[in-house]
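Remarks on the structure that follows.
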Amino acid sequence: MARLVLKFGGTSVGDIDRIRNVARHVKREVDAGHHVAVVVSAMSGKTNELVGWCRQSSPIHDAREYDAVVASGEQVTAGLLAITLQAMGVNARSWQGWQIPIRTDGSHGAARIQEIDASEIVRRFEGEGQVAVVAGFQGIAPDNRIATLGRGGSDTSAVAIAAAIAADRCDIYTDVDGVYTTDPRIEPKARRMAKISFEEMLEMASLGAKVLQVRSVELAMVHKVRTFVRSSFIDPDAPGMDDFDNPPGTLICDEDEIVEQQVVTGIAYSKDEAQISLRRVEDRPGVAAAIFGPLADAGVNVDMIVQNISESGDATDMTFTVPAGDLAKATAILEAAKAEMRYDSLQSESGLTKVSVIGIGMRSHTGVAATAFKSLAARSINIKAITTSEIKISILIDGDYTELAVRALHGVYGLDKA
Ligand code: ADP
Ligand code: ASP
Ligand code: MG
């Protein structure tokens, strides 16, 4: 008998028929004799609607009330799945974050899980074989109010619960049957990977592949949670679906578990980036701190930073990216502090995309970046900024070329060939 966590995303619980389908996946595992905790997202589109209502009520709003509103989507699906399971004869009950409790820090809207007391859930596993249906995306903050974990946060709820109950496996069920070499919606030639390392998955997720929330990958890596990404749309009773060690999907695992390591593993992209350039910034110690300090204080996530060498020796240009949604806020801060920051002018551009090439093999292979640049040049795609790390290269381009660039890079590293 094993302990399993099964997480179902928004599309998988999109309507009552789909919730019934999810219940069949759960029942299959219960019938096999396993103890099961299920984590559910809100129905697809629900969280966007709730976020929209908060913004309509007031563009600037109390993050604690935002959490009270947006956490409600998961409450509904948890209750509906428990009802459906009960109707199928499966002993189940729903849990909201605060009832368990899942304790978070106080960063409303983007809270981090700090502690989970799963003892009651485990007691009910052992005592009556009860399935716990947990509302994802939410917990309770130190101020005793509901907190949400940031968009895509149900993945993190699932992995955190898996760690808390020492689950044998955490299955992230979604609308694709695993992690692909790139987003299969953009490149139909993308291939599903049987395994991907934690490090590469972390990069893929933080560079835009939304199949897993970044924090969930971190937790899986730290707590060694055996995590699979798999499809809820395959018939729950299809052959192989109950394979305990190798269920159909992608395993996120340690690097050494992967025998055939490719140089490049995947391509990720993140749309809606904006670029800000400050012209003729004074070239003296402390200038970067004066610019980026206030942006950090305001919670603006600054990403690619390029500082040019100053020709004259006294002034330089500073260029960096921020999420397009933060552009207005960032510009307002920079303009207000123009006198202290001492720059001549500010230019900005939105509608940009960051495409990234990811692979652990880059540590030991040269020429990966040059290949990307050549491939984009051949398609006349202009590069606006570049950043690299040991296992990734990120390139900023005009958003209109997103699909073209992703497909070009996917092809040039042979990712479309088995
Ligand atoms: P859920 O609602 O189940 O949490 P998400 O929409 O958050 O699902 O994540 C699944 C989506 O992630 C897929 O539909 C796919 O379009 C997208 N995606 C982006 N990059 C990848 C990738 N490399 N592999 C698989 N899916 C990806
Ligand atoms: N419903 C939340 C969202 O859309 C959490 C999740 O689905 O993971 O962000
Ligand atoms: Mg998701």
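Both counts, for ligands and for their atoms, begin at 1 and track the order of listing. The figures here come from the full heavy-atom set of this structure, side chains too, leaving out hydrogens, waters and symmetry mates. Keep in mind that this is a model prediction, so the values were computed, not measured.
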*Under the 3.5 angstrom rule, does the side chain of Asp67 hit a backbone N or O of Gly109 as a donor-acceptor pair?*
yes

*asked:* Can you report which non-hydrogen protein atom sits closest to atom 25 (C) of ligand 1, along with the distance?
replied: Gly178 O, 3.4 Å

*For Arg151, atoms of ligand 2 separated by under 4.0 Å from a heavy atom*: 3 (C), 4 (O), 9 (O)

*Thinking salt bridges, do Arg28 and Asp31 make one under a 4.0 Å N-O criterion?*
no

*asked:* What I want to find out is whether Arg169 reaches Glu29 closely enough, with some N-O distance under 4.0 Å, to be called a salt bridge.
replied: yes

*Where do Gly73 and Lys46 come nearest, in terms of heavy atoms and distance?*
CA-CG, 4.2 Å

*Salt-bridge present (Lys210, Asp155; N to O < 4.0 Å)*: no

*asked:* As a check for students: among Lys7, Glu74, Met43, Lys210, identify the option with a heavy atom nearest to atom 5 (C) of ligand 2.
replied: Glu74

*Does a salt bridge link Asp237 with Arg24, judged by any charged N lying under 4.0 Å from a carboxylate O?*
yes

*asked:* Tell me the nearest of Ser157, Ser154, Gly73 to atom 6 (C) of ligand 2, using heavy-atom distances.
replied: Ser154

*Counting heavy atoms only, which of Lys210, Met204, Arg192, Met193 is nearest atom 5 (P) of ligand 1?*
Lys210

*Measure the distance from atom 14 (O) of ligand 1 to every protein heavy atom, then report the residue, atom name and distance (to 0.1 Å) of the closest one.*
Arg185 NH2, 2.5 Å

*Are Gly153 and ligand 2 in contact, using a heavy-atom cut-off of under 4.0 Å?*
yes

*Would you call Gly152 a ligand 2 contact, heavy-atom distance under 4.0 Å?*
yes

*If you have a sec, work out which protein heavy atom is nearest atom 3 (O) of ligand 1 and how many Å separate them, to one decimal?*
Thr174 OG1, 2.6 Å

*Flag Tyr180 as yes when one of its N or O atoms lies below 3.5 Å from any N or O atom of ligand 1, and as no otherwise.*
yes

*If you measure from the Lys or Arg side-chain nitrogens to the Asp or Glu carboxylate oxygens, is any gap between Lys338 and Glu335 under 4.0 Å?*
no

*asked:* Can you tell whether the side chains of Glu199 and Lys392 come within less than 4.0 Å, N to carboxylate O?
replied: no

_With nothing but distance in play, are any N or O atoms of Asp155 less than 3.5 Å from an N or O of ligand 2?_
no

_Salt bridge check, Arg3 against Asp168: does any charged N sit closer than 4.0 Å to a carboxylate O?_
no

*Taking atom 7 (O) of ligand 2 as the reference point, the nearest protein heavy atom with its distance*: Ser41 OG, 3.0 Å

*At a non-hydrogen distance cut-off of under 4.0 Å, which region of Thr182 contacts ligand 1 (side chain, backbone, both, or neither)?*
backbone

*Do the charged groups of Arg145 and Asp143 touch, with an N to O distance under 4.0 Å?*
no

_N/O separation below 3.5 Å, Asp175 to ligand 1_ = yes

*Looking at ligand 1, does Gly208 have a heavy atom less than 4.0 Å from it?*
no

*Does some non-hydrogen atom of Lys46 fall short of 4.0 Å from ligand 2?*
no

*So between Asp183, Val211, Ile267, whose heavy atom ends up nearest atom 20 (N) of ligand 1?*
Asp183

_salt_bridge(Arg230, Asp171) N-O dist < 4.0 Å_ = yes

*For Lys7, take its heavy atoms, then give the atoms of ligand 1 lying under 4.0 Å from any of them.*
4 (O)

*Please could you name the atoms of ligand 1 that Val179 approaches to less than 4.0 Å, counting only its heavy atoms?*
24 (N)

*Looking at atom 2 (O) of ligand 1, what's its closest protein heavy atom, distance included?*
Gly10 N, 3.1 Å

*Any Lys/Arg nitrogen of Lys354 or Asp303 sitting under 4.0 Å from an Asp/Glu carboxylate oxygen of the other?*
yes

